[in-house]
Number of protein chains: 2
Amino acid sequence: MSEHDDDLVFKALADATRRRLLDLLRDGPRTTGELCEPFAVTRFAIMKHLHALVTAGLVLVQRRGRERINTLNPVPIRRIQRRWLRQFEADAADRLLDLAQHLERPATSTRKKASRA
Amino acid sequence: MSEHDDDLVFKALADATRRRLLDLLRDGPRTTGELCEPFAVTRFAIMKHLHALVTAGLVLVQRRGRERINTLNPVPIRRIQRRWLRQFEADAADRLLDLAQHLERPATSTRKKASRA
DNA sequence: CTGACATGTGACCGAACGGTAACGTATCGC
DNA sequence: GCGATACGTTACCGTTCGGTCACATGTCAG
């Protein structure tokens, strides 16, 4: 919804460990303990990452007995894709033209000689 | 191309100011001074953000006299879209089914009666 | 009940981040 | 040349982040 919600998603995706967690959850729901196994860090470190993912809406949680089932919610990622990243495809052609015009002459270049650093 | 490069892109996108900078650059190349105007922060703060964007490969720079031309490079965003985010669309249907099965009972819900776990 | 196990929480620490201020460098206009 | 201007850099500061340790809670098994 708001810019702030998207910010949480971007910040959640900014960490490699969290992205790996999302990768694991793409195969299906997992308990917290299962999610901890592939990582070298503490279980609590993983839980804090999970908390960040839950806050961003990327992971949904249910309790089942003494276990905690973490499920991927792909909706926020799709949202920022549609609202944010898609636009860069739309303008990509224009920007690539800019780049071509500004950078395509290695020798004569933009003004005088841009050859040297 | 490595995971590390993608990490730089994700980290660059994690900041709202940097995303706004990319938005501005979607309209075309801009000098550093032009990019600073819409923001309330110091010019140098913007320059540090620009440096992060350059490091991630999202912005390309050319010098023109005493000016610095910043140009959007949409390639890295497209890369992480294709390598990373697209996969979440592929598994979205499966995960949504998981969610439906686990969460579909509305009010009485989580208690023991909905045993279908 | 009791113990084992899985999950949650509070306090703390070093590193990285976002920010400012002040100073330095290079280029254009006159 | 010389001042104004645009860009770049060094040093520093408070906050956030990723991480650990120790401890608390809740739940299943016997």
Exercise for the section: Take the protein atom CD1 of A:Ile69 and the nucleotide atom P of C:dA6, then report the distance between them rounded to whole Å. Expected result: 13 Å
Exercise for the section: State whether a side-chain donor-acceptor pair under 3.5 Å links A:Gln87 with B:Arg26. Expected result: yes
Exercise for the section: Find the distance A:Arg43:CZ to C:dG8:P and express it as a whole number of Å. Expected result: 8 Å
Fill in the blank from the handout: Residues at least two apart in sequence or cross-chain that pass salt bridge (Lys or Arg N to Asp or Glu O under 4.0 Å) with A:Arg18, listed by chain then number, are none
Handout entry: Inter-end axis angle, the helix from C:dC1-D:dG30 to C:dC30-D:dG1, with every axis fitted to five base pairs (rounded, 10 degrees)
Key = 30°
Practice task
Measure from NZ or CZ of A:Arg20 to the centre of the six-membered ring of A:Phe39, then state whether that distance is under 6.0 Å and the direction lies within 45° of the axis.
Solution key: yes
Practice task
Please determine if a side-chain N or O atom of A:Thr31 lies less than 4.0 Å away from the OP1 or OP2 oxygen of C:dT7.
Solution key: yes
Problem - Rounded interatomic separation in angstrom, taking CZ from B:Arg68 and P from C:dC28 - result: 17 Å
Problem - base_contact_polar (D:dG8 base, B:Arg63 side chain, donor-acceptor, <3.5 Å) - result: no
Fill in the blank from the handout: In whole angstroms, the gap separating C1' of D:dG8 from CD of B:Gln62 amounts to 18 Å
Exercise for the section: Could you identify which residues cluster with A:Met47, counting Ile, Leu, Val, Met, Phe, Trp and Tyr as linked when any side-chain heavy atoms lie under 4.5 Å apart, either directly or through a chain of such contacts? Expected result: A:Phe44
Practice task
Could you state the atom-to-atom distance from CG of B:Leu53 to P of C:dG18 in whole Å?
Solution key: 10 Å
Problem - Backbone N/O of A:Glu34 and side chain of A:Thr31: donor-acceptor pair under 3.5 Å - result: yes
Practice task
Take the protein atom CD of B:Glu67 and the nucleotide atom C1' of D:dT5, then report the distance between them rounded to whole Å.
Solution key: 10 Å
Handout entry: Whether B:Glu67 side chain and B:Arg63 backbone form a donor-acceptor pair below 3.5 Å
Key = no
Exercise for the section: Kindly write out the residues that satisfy salt bridge (Lys or Arg N to Asp or Glu O under 4.0 Å) with A:Arg68, not counting sequence neighbours, or none if the list is empty. Expected result: none
Practice task
Would you indicate, yes or no, if D:dG19 has its OP1 or OP2 atom less than 4.0 angstrom from a side-chain nitrogen or oxygen of A:Thr42?
Solution key: no
Exercise for the section: Look at the side chain of B:Arg66 against the base of D:dG8 and say whether a donor-acceptor pair falls under 3.5 Å; ignore hydrogens and angles. Expected result: no
Handout entry: Check: A:Gly57 main-chain N/O paired with A:Asn73 side-chain donor or acceptor under 3.5 Å
Key = yes
Practice task
Select from A:Gly65 and B:Gly33 the residue whose nearest nucleotide in DNA chain D is closer to the 5' end of that strand.
Solution key: B:Gly33
Fill in the blank from the handout: Testing D:dG19, C:dG18, C:dT9 for proximity to the side chain of A:Val41, the answer is D:dG19
Problem - Given D:dC7, C:dG18, C:dG8, the nucleotide with the shortest approach to the side chain of B:Thr32 - result: D:dC7
Completion exercise
Among the nucleotides D:dG19, D:dG8, C:dG19, whichever has the atom closest to the side chain of B:His49 is C:dG19
Completion exercise
Taken to the nearest whole Å, CG/A:Leu50 to C1'/C:dT9 is 15 Å
Handout entry: Length of the line joining A:Arg19:CZ and D:dG18:C1', which is rounded to integer Å
Key = 14 Å
Exercise for the section: Keeping to residues at least two apart or across chains, list the ring-ring contact (aromatic ring centres under 6.0 Å, His included) pairs with something in residues 62-86 of chain A. Expected result: A:Phe10-A:Trp84
Practice task
Look at B:Arg19 together with A:Glu3 and state whether they make a salt bridge at an N to O cut-off of under 4.0 Å.
Solution key: yes
Exercise for the section: Assign a letter to each nucleotide of nucleotides 10-15 of chain C from its 5' end: B, base within under 4.0 Å of a protein heavy atom; S, sugar-phosphate only; -, no contact. Expected result: B-----
Fill in the blank from the handout: Assign each of B:Lys11 and B:Glu34 the nucleotide of DNA chain D bearing its closest heavy atom; nearer the 5' end lies the nucleotide of B:Glu34
